[in-house]
Amino acid sequence: MNPTHEEIRTAVLRFLQTSLLFDETRQIPDAQSLLGAGIVDSTGILEMIGFLEQTYDVKFRDDELVAENFDSLGAITSFMSAKLGGK
Amino acid sequence: MCGIAGIINFGDRRPPLPLDRLQSMAQVLRHRGPDDTGIYRDRMAGLVSTRLSIIDLATGAQPLANEDESLWIVYNGELFNYIELKRELEAAGHTFRTRSDTEVVVHAYEEYGIDCLTRFNGQWALAIWNAKEGSLLLARDPVGVCPLFLHMSNNRLWFASEVKALFTDSEVPQAFSTSGLNQVFTFWSTVAPGTVFEGIEQLRPGSARIYERSGAFIEKCFWAPSFPREATHSRMPLRDAAEQLRERLVEATTLRLTRADVPVGSYLSGGLDSSVVASLGLAAHPVDYRTYSVRFADAEFDESRYQRMMARHLGSTHREISVTRSDIARVFPEVIRHAESPVLRTAPAPMYLLSGLVREDGIKAVLTGEGADEFLGGYDLFRESEIRRFWSHAPQSAMRPLLFQRLYPYLARSPQSAQALAHNFWKQGMDRTDIAWYSHEPRWRTTMQLRRFLRPEFRSSEPEAEFIERAVPLPEGFSRWGTLEHAQYIEIVTLLSGYLLSSQGDRMLMAHSVEGRFPFLDAGVIEFCQRLPSQHKLVGLREKVILKTLAHGVIPEEIINRPKQPYRAPDALSFLVDPPAYVADMLSPESLESVGVFDPRSVTMLHEKCRRVVRDQGANALLSNTDNMGLVGILSTQLLHHTLMKGGSVAPMQARTTSERLIERT
């Protein structure tokens, strides 16, 4: 069973909160730019990519690794849902 | 160098200061001046000096007075042009009892008043007490080599070379300052007059304060970095400019080597600046030349190949100290006690160990290369900023951001995705070329994220731009300077005096009673460099062009042509692989709770994450820059509290040395 959209969102949010923001209570609007809001820096995005690859057992192609797919909670969730749905 | 301190009771007459308060201040500054202690006391004032004797060993003791004993001085530092000044003053009728530069300062003040400060070429912090008028002058050298901290309450003023001397008095508050902490977690250091301690200021470099009998004061700035375009040597060909700079550097180095009554050694980092300084030093004084270097067990940071190449070239007696991560972790609490500030990098620790080696070798003063990167445009940050600016003119260009790879070669070895993301990082705010701190914005933006570890009550609520503008006010004429000069100015007023010359400089040197001497910070050298056109400093991505030009034939070509390697030391990993017990203690929720600066839950998550990465990846785990800085910054703040505040600074009272002088005018 593939994880649902909501399950992916919850997991990604939790990762951002515990590993990058170090604040479990901080909420992040779906559309907020993670880079723009200073939630992640360039190494932070790489950490997140590592987390997604490990958690969902996927590999990303170079052409998928563009900021548009990873720069907001909403974008990551949609991109991962599509990727996992089509796996 | 020396240590100075004092307490002044302004206003109404009060009983004279208890002697033991002054003695305690002297006691904790003993490392700055192990050779002599002197105390002066009258009805209003107490002055303290601990002396490291380098010039006039026999008669240079302090506090020292003018002829009629109306002016008393305590003085920390060196005036390298004191012989020339003394001649002028003697011609004007002043008589001297000693050969010391300290006495020259007193007479120069008598003769020229506060304008004397602009005639001094050197590094110094001083206090001159006018016993007749009940007024006090405090002043600090132009770039802030020598420290001077102060606290005023109840119309009583305390001043000292180090905060720990202020903290010996229970009347001085011991608490963290919100604005100071937020400065560290933005700029990597506080910016004068800020400190991380509430109610404690540092005198701005290049400024003086004159306190009246009432306790009211005026502050005067007598020097600030300035890059007047109209006065540049812009038409001077590079070769001629390099030759002129060489002449000035020769003079600056010679003064710093020969104006000492003890031998002076030289640091070798393996880079261009210290190599040039050491070569010029050797030429000035080719007898028993001694050089010192830090090596690292971690190959990533080690520069011993170039250090040894340079030592062979000089034929110097070379000693090196090899530093491991566990060495850094072991000395870190002591490093922080001396730095008196949180730090985001461990780089001061090896410098602390190195000064220990120098002292063990019987050397009291060393030449070192600081200042060249600031005044001649050497830092990667300056180049990074120029690339961003260049890219912003054609933001769609795919070629322009590739220049980052030339600056940071690791990018070329990284996966495409990492490169794209790194480019996105620099792209942020790239088009805002009009902001004054354009060059430093990416660094500050990243560092500010660390504020998330602070408890809400310690987090500055001030909007970013206002916070920066208040800490780093811009001088008149700034808008007329070039973009490189903007970046240089910001670097000089933030990190040079706030970190490089203090946390990593004076404090690490003086911890082992060693004085640093900086030819690139000579008044004549700075004055010349400030008038250089930017094309003599940074051309494309080639940095310090003028210095490389003059270095040909002076140092080996390989050192001139090697890629610049920023001085770094192993950071957070020092505290994660086989850490000493204090690390877990300091980062425990209980300890974080009791210090009260950081949010224990956030810090625990960070510490857990770092430990997990080390468990997963091993001893050479890759930690992100932010996590590295976060862990070191939090740990050092915690250590600062434990080693310096809450009684941590009160050193056990040792038997007083016989060289204590007491001058009573009560």
Side-chain angles (χ1 to χ4, degrees), chain A residues 10-29 31-76 79-80 82-83, chain B residues 186 404 408 410-411 414-429 441-456 459 464 592 598-613 616-617 621-631 634:
Chain A
T10 307
V12 172
L13 176 63
R14 170 124 193 103
F15 171 79
L16 290 170
Q17 287 171 331
T18 56
S19 283
L20 293 170
L21 285 167
F22 308 106
D23 179 352
E24 291 156 308
T25 60
R26 167 98 174 252
Q27 291 307 311
I28 304 168
Q32 185 168 52
S33 159
L34 299 177
L35 209 57
I39 294 169
V40 297
D41 57 11
S42 52
T43 39
I45 291 203
L46 290 181
E47 285 176 33
M48 188 168 59
I49 289 168
F51 161 78
L52 294 171
E53 288 188 332
Q54 221 171 18
T55 310
Y56 299 109
D57 191 24
V58 289
K59 283 271 167 257
F60 297 111
R61 298 187 311 270
D62 253 2
D63 64 310
E64 292 175 317
L65 292 172
V66 290
E68 294 72 60
N69 289 339
F70 295 96
D71 195 36
S72 70
L73 183 54
I76 298 169
F79 170 66
M80 286 307 295
K83 187 168 172 79
Chain B
T186 301
F404 287 117
Y408 302 119
Y410 69 86
L411 278 179
S414 309
Q416 282 289 317
S417 53
Q419 286 186 40
L421 293 166
H423 292 168
N424 267 340
F425 170 74
W426 286 304
K427 205 170 190 170
Q428 297 271 312
E441 197 273 336
R443 175 194 288 175
W444 292 351
R445 174 171 21 104
T446 309
T447 313
M448 268 186 195
Q449 299 307 320
L450 300 176
R451 293 180 181 182
R452 60 169 66 120
F453 295 109
L454 294 167
R455 279 168 181 260
R459 247 177 260 163
E464 203 174 295
L592 291 159
F598 299 105
D599 175 49
R601 286 180 68 85
S602 306
V603 175
T604 304
M605 279 190 255
L606 170 68
H607 194 201
E608 260 315 305
K609 175 188 175 186
C610 293
R611 283 193 285 198
R612 190 173 62 237
V613 173
D616 293 350
Q617 300 180 17
L622 274 178
L623 293 171
S624 76
N625 182 35
T626 325
D627 293 347
N628 251 309
M629 291 198 297
L631 197 80
I634 293 162

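All chains are named by letter (A, B, ...) in the order of the sequence lines, taking the proteins before the strands, and each is independently numbered beginning at 1.
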Heavy-atom pair with the smallest gap, counting every atom of B:Arg452 and A:Leu20: NH1-O, 2.7 Å
Crowding at CD, B:Glu464 (>12 non-hydrogen neighbours, <6.0 Å): no
Check: A:Phe22 main-chain N/O paired with B:Ser602 side-chain donor or acceptor under 3.5 Å: yes
Portion of B:Ser624 that has a non-hydrogen atom of chain A nearer than 4.5 angstrom: both
B:Arg601, CZ: over 12 other non-hydrogen atoms inside 6.0 angstrom: no
I'd like a table of donor-acceptor pairs (distance under 3.5 Å, sequence neighbours excluded) in which one partner is a side-chain atom from residues 11-18 of chain A, with atom names and distances.
unit_1, atom_1, unit_2, atom_2, d
A:Gln17, NE2, A:Glu24, O, 3.2
A:Gln17, NE2, A:Arg26, O, 2.6
A:Thr18, OG1, A:Arg14, O, 2.9

Step-by-step side chain to side chain contact (heavy atoms under 4.5 Å, CB included) determination, A:Glu47 to B:Asp627: CA-CA 12 Å; A:Glu47 285 176 33; B:Asp627 293 347; 3.9 Å; yes
Minimum heavy-atom distance B:Arg612-A:Ser19, with the two atoms named: NH2-OG, 3.4 Å
